[in-house]
2 protein chains.
Amino acid sequence: MLDLGRLRALHAVSVHGTVGAAAAALGYTPSAVSQQIAKLERETRTTLLERSGRGVRLTDEARRLAATAERVLALVEEAEVRLEERRGQPEGRLRIGCFPSAARGLMPRVLADLARRHPALDARLTEVDPHLSVDLVGRGVLDLAVAHDWDIAALPVPPGVEQAVVGDDGCDILVPRDHPLAARERVRREDLSRERWITQPPGTVCHDWLIRTLRATGYEPLIAHQAEENHTQVALVAAGLGIALVPRLGRGPLPPEVAALRLEPVPVRRLWALWRAGAARRPAITETVRTLQELWPEVSAAR
Amino acid sequence: MLDLGRLRALHAVSVHGTVGAAAAALGYTPSAVSQQIAKLERETRTTLLERSGRGVRLTDEARRLAATAERVLALVEEAEVRLEERRGQPEGRLRIGCFPSAARGLMPRVLADLARRHPALDARLTEVDPHLSVDLVGRGVLDLAVAHDWDIAALPVPPGVEQAVVGDDGCDILVPRDHPLAARERVRREDLSRERWITQPPGTVCHDWLIRTLRATGYEPLIAHQAEENHTQVALVAAGLGIALVPRLGRGPLPPEVAALRLEPVPVRRLWALWRAGAARRPAITETVRTLQELWPEVSAAR
DNA sequence: GGTTGGATGAAGCACTGCTACATTCACCCG
DNA sequence: CGGGTGAATGTAGCAGTGCTTCATCCAACC
């Protein structure tokens, strides 16, 4: 009888493309996955992987077998979900992926709460880019993702993945304390057209939103500096090198040299929780999503 | 992730009723099956078996899990069949169950032929009662059964099991050489109404057929002796203790003290091959059935 | 042509899963 | 009611599996 572990290895290679990535997803070394599949080949007397360039290619037969493996694994996972559901308590491992600012601004509070209330739950956090996290959930690398999107770029959610709103996070304009606008409480887009900007790298939603929104006022924004981390952006603003659009969540207290202005209308990013549809009934999932939603107002108010 | 071996153990217990029977079907000791299920209980933190009298009872949750396991195992088996089908050559283990007279009269020839033409096929023969063999195929203990039935008692074939005719085997009346009828080549039922009979034990088809057929002529047959094995029956006939109705297949050469009379009409039992529907496409199955059918005329002529 | 990214192979080690045997428990029967 | 039987489970031990680490090999890229 075919072995489930070997089928899982083959399926992982078919999903992730390379032996190494499959191994990483399964928590093994590439050598282990390679050996598993070699054994599967011996047992079935069938060639499953062919070397192709630096990587491997699945044979037709391997693809068929991987498709069956997917159905088998789905059945088994469904059975596990049903067992956990019946016991009712969140438990087992929950691999959570989260974008950086929520990882520091929201998740510590949430994880502490979960750990206190559900000792059998083994929640593990990984910081990942929000656009990657959706795919990682779809492929089963993560059990739960906390991601965000903006009005101009809704999160693309593949079939088989479900989502729920956690809350909305506003963004402010950070300016040096001696900036002409620093005295004002509120500003409009038009007021910002001639500034030097400090943004995240191109391709990030934050960056694209800024470009598109300011272009709509008729000016091409001047990007003076780029930094991925909000704290670096704040430091650049503090040094008087430009102004920045920075989300409130995870921003932390501002240094005295920096002032936050409320932009009208307030740019909002929406926080989502995402999970595989098959795992929707896991108490670990439902309870974590509930906790995210319940704690959000509290976290939001403290920003 | 749930382990396939443990699921198979649970499923086997659910099918066979006891840990011991499940172990026998899987080829393990009861202790092994018991340990597997104990581990499954620990992993799922669910009680699966409850002791009930001398045996065990599955909990509701265990029954659900066993049902899922059945689907999983069916998928996996289907994948294995597809792999073998694609390679085209009969191979792997084929557990054959066969009733006694065919086990000596037909199967040696068939198995030798298969072994010569298909070295990768590991065919294993077990002698089993024909009425048991159908059930054993249905429950997956056997891959292929060779059974037989009579016009008065068709073989009950459960859903999920398929069958094909192998051939028809006639039966003769064996009488002592000095019996009044011994000179005749052919006899009719009416000629036999006052004989002392040597039969198989009550409950066997052979016995029941005799009773019913002779009763139809208006006489209650007199059962003088009972013996399960045809050779013993022949020896009893040779000793002049009665006459017997004995199938031709597997009868072997008769001693000089015994004569075979052709009964008109000739009682016929039909030989069947039976297998699980799921395994129908296995070359090991199709080729073995084909071999049975092809060799039958040859074996039949040599009886 | 060295370097990098990836797969595979060999050695070793921990763990799993089996068997054999012992124990426990429920039923049955004298 | 006590001994016997059938069935499950527990224990010790052993073989085999499956992982990791380290080394090797191959293809692509600079």
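Heavy atoms only: backbone and side chains are in, while hydrogens, waters and symmetry mates are out.
The 12-atom threshold is not exceeded at CD of B:Glu228, counting heavy atoms of other residues, nucleotides or ligands nearer than 6.0 Å.
C:dA20 atom P lies 14 Å from atom OH of B:Tyr28, rounded to whole Å. Rounded to whole Å, the distance from CG on A:Leu10 to P on C:dA7 is 14 Å. What separates CZ of B:Arg8 from P of C:dG17 is a distance of 12 Å, to the nearest Å. Spacing between atom CG of B:Leu40 and atom P of C:dT16 amounts to 15 Å, rounded to whole angstrom units. Between B:Leu26 atom CG and C:dG17 atom C1' the separation is 14 Å, expressed in whole Å. For the pair A:Leu49 CG and C:dG6 C1', the computed distance is 13 Å after rounding to whole Å.
The salt bridge (charged side-chain N to carboxylate O under 4.0 Å, His left out) test with A:Arg82 singles out one residue from A:Glu85, A:Glu78, A:Glu80, and that residue is A:Glu78.
Taken from CG in B:Leu4 to CG in A:Leu7, the straight-line distance is 8.0 Å, to the nearest 0.5 Å.
Considering only side-chain N and O atoms, B:Lys39 lies nowhere under 4.0 angstrom from the phosphate OP1 or OP2 of C:dT16.
Between A:Leu48 and A:Ala62 the shortest heavy-atom distance is O-CB, 3.2 Å. Nearest heavy-atom pair across B:Ala66 and B:Leu58 is CB-CD2, 4.5 Å.
Neither side chain, A:Thr46 nor B:Arg86, offers a donor N or O lying under 3.5 Å from an acceptor on the other. The closest side-chain donor-acceptor pair between A:Gln200 and A:His207, if any, does not fall under 3.5 angstrom.
In this structure, A:Thr29 reaches the bases: a heavy-atom distance under 4.0 Å links it to at least one base atom across the strands shown. Base engagement by A:Gln35 is indicated by at least one non-hydrogen atom pair under 4.0 Å involving a base atom.
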Protein proximity profile, nucleotides 21-30 of chain C - base contact B, sugar-phosphate-only contact S, no contact -, cut-off 4.0 Å on heavy atoms: -----BB---
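Taking a cutoff of 4.0 Å between a charged side-chain nitrogen and a carboxylate oxygen, A:Asp122 and A:Arg93 do not qualify as a salt bridge. Salt bridge present: A:Glu61 and A:Arg64 bring a charged side-chain N and a carboxylate O closer than 4.0 Å.
Along DNA chain D, the stretch of nucleotides lying under 4.0 Å from any heavy atom of chain B spans, 5' to 3', D:dT5 to D:dT11.
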